[in-house]
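Notes follow once the structure below has been shown.
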Amino acid sequence: MAKDTNSTHNEFEKAEHKQEMQHQVISFVMMIIFTIAAFALVVSDVSKYFTIPIILLLAVVQVVFQLYYFMHMKNKDHEMPALMIYGGIAVAFMTILTFTTIIWW
Amino acid sequence: MSTAVAQKKGFGAFMWDYLTTVDHKKIAHLYLVAGGLFFLLGGLEAMIIRIQLIKPDNEFISAGLYNEMITMHGTTMIFLAAMPLLFALMNAVVPLQIGARDVAFPFLNSLGFWLFFFGGLILNFSWFMGGAPDAGWTAYAPLSTTSPTHGVDFYVMGLQISGAGTLIGGINFLVTIVNMRAPGMSYMRMPLFTWTVFVTSTLILFAFPALTVGLFLMMFDRMFGSVFFDVASGGNVIIWEHLFWIFGHPEVYILILPVFGVFSEVFSTFSKKRLFGYSAMVFATVLIGFLGFMVWAHHMFTTGMGPVANSIFAVTTMAIAVPTGIKIFNWLFTMWGGTIRMTTAMLWSVAFIPTFTIGGMTGVMLAAAAADYQYHDTYFVVAHFHYVIVGGVVFGIFAALHYWWPKMFGKVLNEKLGKWAFWPFFIGFHLTFFIQHFLGLMGMPRRYWKFLDGQGLDTGNLISTIGAFFMALGVIIFLWNVIYTAMKEPKASADPFDGRTLEWSIPSPPPFYNFKQTPLVRGLDALWIEKSEGKKAMTPAEPLGDIHMPYGSIIPFVMSFGLFIAGFGFIYQVDNPVWLSLVFIGMGITLGSMFVRSVKDDLGYHIHKEDLEKGDGQV
Ligand SMILES: [Cu+2]
């Protein structure tokens, strides 16, 4: 980051941006594919016991793509948001588990 | 210099200053004054309840009014007194403790206050508009959904609006603590008060949405004809209880954790020792916060959840006694061998330990599901939660006010009057509530308007009422102390208590930019480290430079005022659709001010280096 290495630094940044762009495009395409796949499953004549879990799985993967690639959670300094998100998911999961197993059976 | 300017300004300018302020120190004053007023109001309601119960078969107030009193006492004390008083402390102290110039979002900070304030106003307007809510502070369905007056509607709208303010405040402090700590202040170097505020803010973030959802369902049931809680149409009244307590139990930790932080600071400062077991304290705080979400159903043991659910929730509830016990012992060990100064702040903190331990012990008793069938809805429960909430939260707020008063207002509260306020309150508290354990065990149910002669309840209730008057006396002496201190006491130094943390490294009260230069933190108890190396002040982490400050804004006030108007529209449109116009006007004001805020750039201003240098003669 010193001033005399500015040019090499810029080149490094450029390369990094390019890679970043690539990742974003790839995940964008993947998300479109997933969405089409989900729709296709619903339209086609597959059993719903197969369709529902697959759609849920696709949804989870899409959320992960969204968070990590578009909202930059894969980058540095995002440990705290990650901790919050996973903490919240854990609490919500425990609550739902409680309702489905011991309270309202 | 700035005080001279303030004195020259008229009352109007003074009011305008507070209406538009985004300075965390002034917002702390607002929270303190508003929360204090609601505390007095809730206290007045408590006195009326105790006077009604002074003797058997009393007719002091009618049964309906009594229901309104108990509902408003609980709701006011939890949502409109305890919460804002804690937000006052958080605002006054946290940015100073982490070496920041303000919170992360000063505008939102102001918005959070005004939302809380207008929500509280709506709730209390109900007294003059056909009757206050009367279904208990827990507003269980179907009692609340079938209550004939508009009371519960005021409860729903008031809490919804003030709850939004609390959520905004919680998020603000999360972001502030994560992002704005001074250089060198790692997580494990944060003062314990900052840690507890951090965990509390997390709890607010996760718990308040459950209340929001519950209140929305209640709102639609009462105002728009939905049937979420109507059993006849396939609804389920127990859903409300679950939602309320998924919020409600974390709420009691939201209240108690910040004062755990206060006690940690007070014990450490006035024992002249580092806090014993700092990392264990942090761990216990986080663990309490986490476990707080796994126990909500202990409020519902008698709803018929079945033995499996009851047992599991009993065990998780008892588990919380472990981290709490860790804390109690750490505080005792902090005092052990220390150079103890029995100041008023210390007195409140020392009194807290046995009081809160009794409350914790009855908590474990209540957690035993089988025994709870006996205690449920009796005065035993009332005694228990007043021991933890008054003995914990209120004692803690008093300790904190005595400790940080010089930092907030520039003067140390009078010590003699402080102790004169403490003793009647402390004795009165135990008189009022200790006997209620036994009233409960004798079978006196909570929330009943009357008890009858010849059932052995007379003496206990009389003692309880006498105790309440002692508590009122203590509060009055405290108020007198506030006035006396403002008139007679000299100005405080920057560090009147020989403090250990960053807030004591700057003048009392601090300049509006807090730190002229951001301090460099070299360990836990940052100021103490510098002191023990013979230095007078913190080492700065940056050269003296321009400071960027935000402008004040009236928009948060207007935005909240719009919701206030819309609230009345929602409540009364049930009677006549004409009232919907208020909804549109109010929401128009709120959305309009949001729009103005979005399009108008507010870039703030800079205090220049040269002005800082001549601002006071220190540099
Ligand atoms: Cu609880």
Side-chain angles (χ1 to χ4, degrees), chain A residues 1-6 9 12-13 16-17 20 23-24 27 48-49 52-53 55-105, chain B residues 104 170-171 173-181 186-187 190 198-199 201-210 213 236 238-239 241-243 245-247 249-250 253 286-287 289-301 303-316 369:
Chain A
M1 308 219 179
K3 269 165 199 152
D4 51 351
T5 58
N6 235 347
H9 184 66
F12 173 71
E13 237 173 27
E16 211 174 39
H17 273 259
E20 174 96 29
H23 281 161
Q24 297 224 352
S27 52
K48 72 173 182 186
Y49 292 102
I52 291 173
I55 289 183
L56 285 177
L57 184 70
L58 291 178
V60 170
V61 175
Q62 287 213 21
V63 168
V64 172
F65 269 125
Q66 181 81 26
L67 288 175
Y68 276 81
Y69 286 95
F70 293 153
M71 298 182 76
H72 299 285
M73 254 174 69
K74 68 178 168 53
N75 299 12
K76 252 194 353 199
D77 277 344
H78 286 65
E79 294 83 13
M80 192 45 80
L83 182 71
M84 288 285 157
I85 291 171
Y86 292 124
I89 290 174
V91 167
F93 177 75
M94 287 289 284
T95 308
I96 292 167
L97 191 72
T98 310
F99 276 121
T100 49
T101 52
I102 61 174
I103 292 182
W104 283 335
W105 54 19
Chain B
I171 293 171
F173 277 97
L174 271 182
V175 180
T176 304
I177 295 172
V178 171
N179 289 325
M180 297 183 63
R181 283 165 290 134
S186 60
Y187 282 104
M190 292 196 313
F198 180 64
V199 175
S201 304
T202 319
L203 295 190
I204 289 176
L205 177 64
F206 290 140
F208 266 76
V213 169
N236 186 338
I238 298 294
I239 295 175
E241 288 189 34
H242 278 297
L243 285 171
W245 288 116
I246 286 174
F247 148 77
H249 193 86
Y253 291 125
V286 175
L287 193 64
F290 192 69
L291 285 176
F293 282 98
M294 316 276 161
V295 299
W296 79 89
H298 63 209
H299 297 269
M300 303 166 60
F301 283 148
T303 53
M305 293 183 300
V308 177
N310 277 10
S311 320
I312 290 175
F313 277 103
V315 171
T316 53

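Proteins get letters first, then strands, A, B, ... in listed order; numbering begins at 1 in each.
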Could you give the side-chain donor-acceptor pairs of residues 78-97 of chain A under 3.5 Å, partners two or more places apart or in another chain?
{"unit_1": "H78(A)", "atom_1": "ND1", "unit_2": "K76(A)", "atom_2": "O", "d": "2.7"}
{"unit_1": "H78(A)", "atom_1": "NE2", "unit_2": "H72(A)", "atom_2": "O", "d": "3.4"}
{"unit_1": "Y86(A)", "atom_1": "OH", "unit_2": "Y68(A)", "atom_2": "OH", "d": "2.8"}
{"unit_1": "T95(A)", "atom_1": "OG1", "unit_2": "V91(A)", "atom_2": "O", "d": "2.8"}

Applying a heavy-atom distance below 4.5 Å, give me the residues of residues 57-67 of chain A that approach chain B, sorted by number. none
Would you list the atom pairs, donor with acceptor, under 3.5 Å between side chains in residues 292-300 of chain B and any protein atom, with sequence neighbours excluded?
{"unit_1": "W296(B)", "atom_1": "NE1", "unit_2": "H242(B)", "atom_2": "ND1", "d": "3.0"}
{"unit_1": "H298(B)", "atom_1": "ND1", "unit_2": "V295(B)", "atom_2": "O", "d": "3.2"}
{"unit_1": "H298(B)", "atom_1": "ND1", "unit_2": "T317(B)", "atom_2": "OG1", "d": "2.8"}
{"unit_1": "H298(B)", "atom_1": "NE2", "unit_2": "H249(B)", "atom_2": "ND1", "d": "3.0"}
{"unit_1": "H299(B)", "atom_1": "NE2", "unit_2": "H249(B)", "atom_2": "ND1", "d": "3.4"}

Looking at residues at least two apart in the chain, or sitting in another chain, which of them share a ring pair (Phe, Tyr, Trp, His ring centres under 6.0 Å) with F301(B)? none
